[in-house]
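These notes concern the structure reproduced below.
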Amino acid sequence: VAGYIRQFPEFEVKIIDCKFERLNFDDTLKRVLKFNPDIVGLGAFTNEIKPAAYLARLIKEQMPETVIVAGGVHLTAIPERTLDEFPEFDIGVVGEGEVTFYELCYALKYKKSLSEINGLVFRDEGKNIVTSPRERVLDQDSVPFPAWDLLPSAQKYVVMSLRGCPFNCIFCMNPNGRVVRTRSIDSVIEELKLISNNYDTKEIMFGDELFSVDMERTKLLLNEMIKHGLHKKLRWWIQTHVRFVDKEMCHLMKKAGCVKMGLGIETGDEEKLKNTGKGTTMDMIVKARQAAKEANLFVETYFIIGQPDETLASMKKTMDLAVKMNPDLPIFGIMSPYPGTEIARMAANGEAGYKLVTTDWNEYNKQIGGALEFASLSRKQIEIMQVKAYTDVFLKNHRYLDFLKFLWHYRVGAFTVFKKMLGLKPKNE
């Protein structure tokens with residue numbers, strides 16, 4: 001968004017990455033006050049929306065005339081409800097923000113009507129008004145590179161070579177739509193070279209929903225990365241779909257500098273797998289894991305415990321599959337009813353064995369959250385199975401040292417899970 005809006009000389013822009021710099025609310029507020037902006041934009045996922053609103057309130061108390069604009073996946077899923085729930089936000093940007101936020105800033109600066117801008121939610125005479133949807137940016141090369149120079153240098157950067165995912169998973173809001181829109185290979189290479197030449201960069205994460213969804217384009221990109229010597233400068237990792245992985249792809253990714261591949265597996269129950277909307281089969285999963293293994297490619301896998309009408313038997317199938325796959329890093333999340341998803345609809349209606357416990361957005365976290373209960377299983381049973389899943393993968397594959405390293409690396413989250421299992425609430429509750 002900053003990269004787009006600074007093309008226009010009438011606007012001065014600054015970015016504060018609070019999480020990266022480990023800033024608390026007071027330190028962040030001081031930075032904002034020093035810049036003295038007319039407009040503040042805040043992006044937030046669901047489990048971040050309450051802290052974002054709290055920061056907005058702090059800014060409003062000191063700078064009541066400042067316009068606070070919220071954006072991100074949560075607001076995009078439930079725009080009117082978000083403004084109702086959080087009066088601290090004056091306006092919301094729905095969907096992709098680059099063009100919309102620029103047009104909003106222009107309208108506020110020159111006193112134009114907001115109702116003519118697509119992709120907004122705002123209050124008008126006490127009512128929340130949602131304007132027409134913003135068309136997605138089809139030509140991704142028309143979007144400038146992120147304004148990396150406005151942020152502190154980092155060892156890790158996120159680069160997106162495409163937006164969109166063609167699948168319709170029931171647990172995903174799919175904020176970038178089902179039409180995959182790719183950047184040109186030249187554009188991606190140029191950004192990678194810019195980052196590697198100008199910053200203290202050790203690692204790139206490709207933020208694409210499905211990095212290899214266009215397999216022929218992906219192979220061209222990988223070959224260009226090798227041609228330009230980027231495989232010698234950058235370590236990088238991706239997330240993709242088992243449908244778009246084969247032996248040739250894995251070997252080429254490894255050659256081009258890939259150090260990790262993330263695969264969404266979700267469940268080991270074949271019937272439940274069919275109902276996820278993911279379009280995968282057990283055969284695809286097994287072949288993808290084997291291809292990665294033959295290429296000596298580090299594999300991270302994502303499973304979700306708490307599928308619709310989940311049972312102990314179906315969870316055991318998931319755990320058995322995870323043990324069989326023996327990923328380098330297994331991740332077991334618990335189903336969370338994120339706004340805008342089919343799971344959220346089911347939970348709200350009490351379907352598929354779900355009971356919505358809370359709409360406290362702080363609880364909408366796949367690892368340690370507690371937004372859902374399950375008809376046939378207690379929350380504690382689910383959390384015990386989550387812990388058992390981790391232990392089974394490591395211990396049944398005799399990876400004792402890996403297990404100790406895993407526990408140490410994720411010690412904060414593990415401690416939180418154990419406290420929840422014991423019925424102890426965090427201090428801030």
Side-chain angles (χ1 to χ4, degrees), residues 1 39-57 60 67-101 103-104 114-115 117-136 163-165 167-178 209 276-277 304 306 308 333-352 354-366 368-373:
V1 173
I39 304 169
V40 172
L42 296 167
F45 293 109
T46 294
N47 62 314
E48 300 167 335
I49 196 71
K50 290 178 73 174
Y54 178 70
L55 178 58
R57 185 159 64 251
K60 279 287 191 181
V67 177
I68 307 289
V69 182
V73 178
H74 182 85
L75 180 132
T76 295
I78 46 174
E80 294 171 287
R81 180 175 171 183
T82 302
L83 254 61
D84 276 337
E85 189 172 354
F86 301 107
E88 299 88 349
F89 302 140
D90 297 307
I91 303 170
V93 170
V94 181
E96 290 177 313
E98 292 94 348
V99 180
T100 305
F101 190 72
E103 291 183 2
L104 170 62
L114 300 185
S115 61
I117 301 173
N118 292 337
L120 288 184
V121 56
F122 62 94
R123 299 181 187 89
D124 186 24
E125 297 182 356
K127 297 180 180 179
N128 288 339
I129 306 297
V130 181
T131 63
S132 299
R134 164 72 57 181
E135 291 185 3
R136 300 190 186 277
R163 294 181 188 178
C165 172
F167 298 99
N168 193 29
C169 298
I170 59 176
F171 49 81
C172 178
M173 188 255 180
N174 199 353
N176 285 322
R178 297 181 68 179
E209 291 97 326
T276 61
I304 301 177
I334 296 177
M335 186 68 79
S336 190
Y338 290 113
T341 66
E342 177 64 9
I343 293 294
R345 187 199 64 77
M346 290 179 179
N349 293 329
E351 299 174 7
Y354 292 132
K355 178 185 176 183
L356 189 63
V357 179
T358 180
T359 54
D360 179 350
W361 305 121
N362 288 342
E363 288 289 337
Y364 282 59
N365 183 300
K366 289 182 287 186
I368 59 174
L372 277 183
E373 285 186 352

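Just so it is clear, the structure is predicted and the values come from calculations on it, not from any experiment.
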Non-hydrogen side-chain atoms of F122 and T131 separated by less than 4.5 Å
yes

Quick one, E96 and R163 - any side-chain contact, counting heavy atoms below 4.5 Å?
yes

The criterion is side-chain contact (heavy atoms from CB on, under 4.5 Å); which residues satisfy it with A352, sequence neighbours excluded?
P308, D309, M346, Y354

List the atom of F171, the atom of Y338, and the distance in Å for their closest heavy-atom pair.
O-CD1, 4.4 Å

Taking the side chain as every heavy atom from C-beta outward, state whether P339 and H74 have any atom pair closer than 4.5 Å.
yes

Let's go through L114 and L104 carefully: what are the C-alpha distance in whole Å and the side-chain angles of both, what is the deciding distance for side chain to side chain contact (heavy atoms under 4.5 Å, CB included) to 0.1 Å, and is it a yes or a no?
CA-CA 7 Å; L114 300 185; L104 170 62; 3.6 Å; yes

Taking side chain as C-beta onward, heavy atoms only, is T76 less than 4.5 Å from M173?
yes

Would you mind reporting whether T276 and C169 have side-chain heavy atoms less than 4.5 Å apart?
no

Gap between atom CG of L83 and atom CD1 of I78 - 0.5 Å precision
11.0 Å

Can you check whether F167's main-chain N or O pairs, donor with acceptor, with N174's side chain at less than 3.5 Å?
yes

Listed partners of R134 passing salt bridge (charged side-chain N to carboxylate O under 4.0 Å, His left out), at least two apart:
E103

Could you work out, with side-chain contact (heavy atoms from CB on, under 4.5 Å) as the rule, every residue matching E373, not counting sequence neighbours?
K355, V357

Tell me whether D90 contacts the main-chain N or O of I68 through its side chain, where contact means a donor paired with an acceptor under 3.5 Å.
yes

Could you work out, with salt bridge (charged side-chain N to carboxylate O under 4.0 Å, His left out) as the rule, every residue matching D360, not counting sequence neighbours?
K50

Contact between T341 and I170 at the side-chain level, heavy atoms closer than 4.5 Å - yes or no?
no

Between the CE atom in M335 and the CG atom in L372, the distance rounded to the nearest 0.5 Å is 8.0 Å

So do L356 and P337 actually touch side chain to side chain, heavy atoms under 4.5 Å?
yes

Which heavy-atom pair separates R81 from W361 by the least distance, and what is that distance?
NH2-CZ2, 3.5 Å

Across all chains, not counting sequence neighbours, the salt bridge (charged side-chain N to carboxylate O under 4.0 Å, His left out) partners of R345 are E342, E351

What heavy-atom pair brings G340 and A344 nearest, and what distance separates the two atoms?
N-CB, 4.5 Å

Taking the side chain as every heavy atom from C-beta outward, state whether N118 and E135 have any atom pair closer than 4.5 Å.
no

Considering all heavy atoms, the nearest S336-N365 contact:
OG-N, 4.0 Å

Taking only residues two or more places apart in sequence or in another chain, which ones pass salt bridge (charged side-chain N to carboxylate O under 4.0 Å, His left out) with E209?
none

Identify the heavy atoms of L75 and A70 that sit nearest to each other, and give their distance.
CD1-CB, 3.8 Å

Test side chain to side chain contact (heavy atoms under 4.5 Å, CB included) on V93 and L120 and set out the steps.
CA-CA 5 Å; V93 170; L120 288 184; 4.1 Å; yes

